[in-house]
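Have a look at the structure below, then the notes.
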Amino acid sequence: MTKEKLLLLDGNSLAYRAFFALPLLTNDSGIHTNAVYGFTTMLQRILEEEQPTKMLVAFDAGKTTFRHDTFTEYKGGRQKTPPELSEQFPYLRKLIDAYGIKRYELEMYEADDIIGTLAKEAATQDMDVIIVSGDRDLTQLATEQVTVYITKKGITEIEKNTPAFIEEKYGLTPLQIIDMKGLMGDASDNIPGVPGVGEKTAVKLLKEHGSVEALYEAMDTLKASKMKEKLVANEGQALMSKKLATIFTDAPIEVTFTELNYSGPNEEALIDVWQELGFKSLLEKSDFTIEEEERAPFDFDIVQEVQPEFLKDVMAIHVELEDEHYHTCRQLGIAFTDGTATKYVPFDVAVKSDILRRWLEDATKVKYMADSKASQAALNREGIHLAGVDFDLLLASYINNPALSGDDVATLAKELGYRDVQANESVYGKGAKRAVPDTDALAEHASRKAFAVWTLQPKLEELLRENEQYDLYKNLELPLAAILSEMESEGIKVNRATLEEMGQELNDKLVILEQAIYAEAGEAFNVNSPKQLGVILFDKLGLPVIKKTKTGYSTAADVLEKLKPEHAIIEHILMYRQLGKLQSTYIEGLLKEIHEQDSKVHTRFQQALTATGRLSSTDPNLQNIPIRLEEGRKIRQAFVPSQKDWILFSADYSQIELRVLAHMSEDPNLVEAFREGMDVHTRTAMDVFHVSAEEVDSNMRRAAKAVNFGIVYGISDYGLSQNLDITRKEAATFIDKYFASFPGVKRYMDDIVQDAKFNGFVTTILNRRRYLPDITSSNFNLRSFAERTAMNTPIQGSAADIIKKAMIDMDARLKKENMQAKLLLQVHDELIFEAPREELALLEKIVPEVMENAIELTVPLKVDFNYGATWYEAK
DNA sequence: TCTTTCACG
DNA sequence: ACGTACGTGAAAGAT
């Protein structure tokens, strides 16, 4: 029989802690949920770690307790419980019941007393006892059998108070904690103590005398001092305070230990509570099976022939695809609705219908869609050129709040309170069980999506107008989707043979390096395993440990760089890593993505994903093809134009983020630097180091460049010190000097954080928003992160606005000029085109012109360009 | 599925 | 006293 383990939780204290530690979350019905959420996450963790056999959550009952008989002002002057917290207690009780945990409260006693009484009793029955609270007072209950867990940093960390721990921390026994409070008092409980005595003095006195009573007995031996006077004058108060602080361990509790047996949650009840509270992440993480919500019945028809009268002037249409890989997956069918009648056409039927084809291509026929870029790309494959898209649910949701957007219609709809559409996962299944369902189920699913789009269109447009984001959505993101879809469908040609040849060479080098590493290590091991590599470097070879990760030794490149002088193996490992990365990600990875039919790769640009408004690129990611190191840069030799005698043409914005910063901050110094066409890093070095342009050496410029990066990222001395490998203090000096030279930037950074605190969000030049709920958090880390984000997002996001606008203008200009040149890729501050060589002269003229004039700033935008027979040469 | 590492702007 | 630079995606190993 294993030992019983009793877990006693201080319900009130933990709820308070969680409430103040977390931002005010609300569920769909507007109930605040942060305290319950925090309590739940903490409970989940403790249950997993401790595996208790018995549990109880104690609550305070009512306002008055026996302590008020001693001192009527006990807990007086306390702030009223915020209503946002009060409303959560019923849910907390429901939650605890669903977990199958005993709840208990007792008239006239506080939760502490219940816990103290049960802990004492349990210890006599030889149980292990763990108490969990946010209130340090409870540490007085610690004994060899009773450990008191006190939550720290809100609720994320736990301090385990054993008698030994308390001894080390204060030099006191757990029971002396009571004496300490008797002397120093406790403002939060309105316990007076002795005025002028704080923690330091109290601990000192108790180390000397042992207890409050012993201290007063020995009072005559103390030499006269202000302190002694205060002690003498407040003897009664000190003794009363000690009494108030003492947890009562003989409360008349009427529960048996059998009632406290814990055997796990009632899953069904717990799911219900979590759903009611809207704890999506917990529901997903748990392995509970969630029952489908009931949906209202829905009328739709499956048609095998498209009649012209089905197709109205304004419709919501949905192209149902097998999965998210819309360039390759099966297209299953098309649903369309006018809000009255909903029809589903299997895809093979749809493509054969000239009526439908003409309607899809007719720009005067208005279409509302869930994800127009995916649909357009999927239709492009059949030679259907979608036109007339007027609403895009995915993009509208993303602009409304970039943090929420999933890519499933059900998820997006649910965020707006619409539930009559199923999640893809529940229609198709997941993992190995994933399969396309029968036509009826498929048709219903697609039809419901079309209807959801129809229903949500007015709501979302209204929301966007309210926030003055309609223009951004309608005139930037929506037309951009069509352009991106063309870019993706066009694809970029990749020379398979070139990559294979490089792969062969890399392979030869990797084999040699691997052998050298084994020889230097004295054994063979998996160099790609950070764990095994850590053992070799730090245990076997005894190299100094510079940094640790949460799972072991760090073997990241910056760490290895520092170890280079220590051992010859390091250089080989770094080289192995570098070449291995090229081989696995860029040679093998890219080869897998080349389409057989056209020798091209067709990436997907995610337009509704990033928090800042940037695009991202997947399958393959063409926004991180190597360039910084020559070995990697050669990968770009495999990217070629799709036609003979064509070229690749690349144009990039110079210092766009710093120019945006100059524009937004209106810092005179920074503005001048750009207006004068100066090298901005050199200029920064001149101002920070107080030297002339000629005196700026490469080191100074390097440091200045790092500071400029830091400014854009939301500067911190720690980050800069890491980057430049200098001390934090030196980094702080750099930053101070920078802000002294660029006071406008300093003001901007301060203002933007204030704005974010006031509004709860930050915006870009085109009014893109990012909400920053953590900006008011009491958690230092969360708040600091939000503050840096507040500084960075307007910069990164506005740069994204600018290049997106340039893409739209460029598309129009290429059409106007009747050019064959095609835009293929966007890499954040760079556009890559392919074009016949004859168009080069015109490209050199119009690309910089269009890009530089995309959006007018108070400083000029500058564009550099290059071209060549491969992407490598277009540098 | 999560963690670590490393490629890009 | 707190402990990270901003934004991404892919591969490999560990779990």
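Heavy-atom basis, side chains included; hydrogens, waters and symmetry copies ignored. Throughout, protein chains are lettered first and strands after them, A, B, ... in sequence-line order, and every chain is numbered starting at 1.
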Check this one for me: any side-chain N or O of [X] less than 4.0 Å away from OP1 or OP2 of [N]?
X	N	answer
Thr555(A)	dT5(B)	yes
Arg628(A)	dG9(B)	yes
Arg614(A)	dG9(B)	no
Arg577(A)	dT5(B)	no
Gln578(A)	dT5(B)	no
Ser784(A)	dT4(C)	no
Asn526(A)	dG13(C)	yes
Ser716(A)	dT4(C)	no
Arg770(A)	dG7(C)	yes
Thr551(A)	dT4(B)	yes

>> Cation-pi check for Phe739(A) against Lys737(A): NZ or CZ below 6.0 Å from the six-membered ring centre and within 45 degrees of the axis, yes or no?
In response: no

> Is the NZ or CZ atom of Arg728(A) positioned over Tyr718(A)'s six-membered ring, under 6.0 angstrom from the centre and within 45° of the axis?
Replying inline: no

> Does CG belonging to Asp619(A) count more than 12 external heavy atoms closer than 6.0 Å?
Replying inline: yes

> Does Lys705(A) NZ have over 12 foreign heavy atoms under 6.0 Å away?
Replying inline: no

>> Measuring from atom CD of Gln606(A) to atom OG1 of Thr618(A), what distance do you get when rounded to the nearest 0.5 angstrom?
In response: 4.0 Å

>> Working to the nearest 0.5 angstrom, can you tell me the gap between Tyr326(A) OH and Arg604(A) CZ?
In response: 6.0 Å

>> Taking Glu488(A) first and then Lys373(A), would you say they form a salt bridge - that is, a charged N and a carboxylate O separated by under 4.0 Å?
In response: yes

Would you indicate what [X] reaches in the nucleic acid, counting non-hydrogen atoms under 4.0 angstrom: base, sugar-phosphate, or nothing?
X	value
Val827(A)	sugar-phosphate
Leu615(A)	nothing
Gly710(A)	base
Gln532(A)	sugar-phosphate
Asn624(A)	base
Ala731(A)	nothing

Rounded to the Å, how far apart are [X] [atom1] and [N] [atom2]?
X	N	atom1	atom2	result
Tyr553(A)	dT5(B)	OH	P	14 Å
Leu582(A)	dA11(C)	CG	C1'	13 Å
Tyr576(A)	dG13(C)	OH	P	9 Å
Leu591(A)	dA11(C)	CG	C1'	15 Å
Glu657(A)	dA5(C)	CD	C1'	13 Å
Lys531(A)	dC2(B)	NZ	C1'	14 Å
Ile656(A)	dG7(C)	CD1	P	18 Å
Ile635(A)	dA7(B)	CD1	P	11 Å

>> Is Phe785(A) stacked against the base of dT4(C), taking the criterion as centroid distance under 5.5 angstrom and interplanar angle under 30°?
In response: no

>> Under the criterion of centre distance below 5.5 Å and interplanar angle below 30°, is Tyr713(A) classified as stacked on the base of dC6(C)?
In response: yes

> Under 3.5 Å, is there a donor-acceptor pair between the side chain of Lys729(A) and the main chain of Asp717(A)?
Replying inline: no

>> If you assign each of Thr585(A) and Asp717(A) to its closest nucleotide in DNA chain C, which residue comes earlier from the 5' end?
In response: Asp717(A)

> In residues 792-807 of chain A, which residues come under 4.0 Å of DNA chain C by heavy atom?
Replying inline: Asn792(A), Gln796(A)

>> Both distances below 3.5 Å, Watson-Crick or wobble geometry, any strand: find the nucleotide opposite dA10(C).
In response: dT5(B)

Counting heavy atoms from C-beta on, name the nucleotide in [options] closest to the side chain of [X].
X	options	value
Ala611(A)	dA10(C), dG7(C), dA12(C)	dG7(C)
Pro530(A)	dT4(B), dT4(C), dA12(C)	dT4(B)
Phe709(A)	dG9(B), dA5(C), dA10(C)	dA5(C)
Asp829(A)	dA10(C), dG9(B), dC8(B)	dG9(B)
Asn723(A)	dA12(C), dC8(B), dA5(C)	dA5(C)

> Do Phe734(A) and Tyr738(A) have ring centroids that are under 6.0 Å from one another?
Replying inline: no

>> Is the ring pair Phe538(A)/Tyr553(A) parallel, tilted or perpendicular, if the boundaries are 30 and 60 degrees?
In response: tilted

> Hey, is the side chain of Arg788(A) pairing donor to acceptor with the base of dG7(C) inside 3.5 Å?
Replying inline: no

> Given the P atoms of dC2(C) and dA7(B), what is the spacing between them in whole Å?
Replying inline: 33 Å

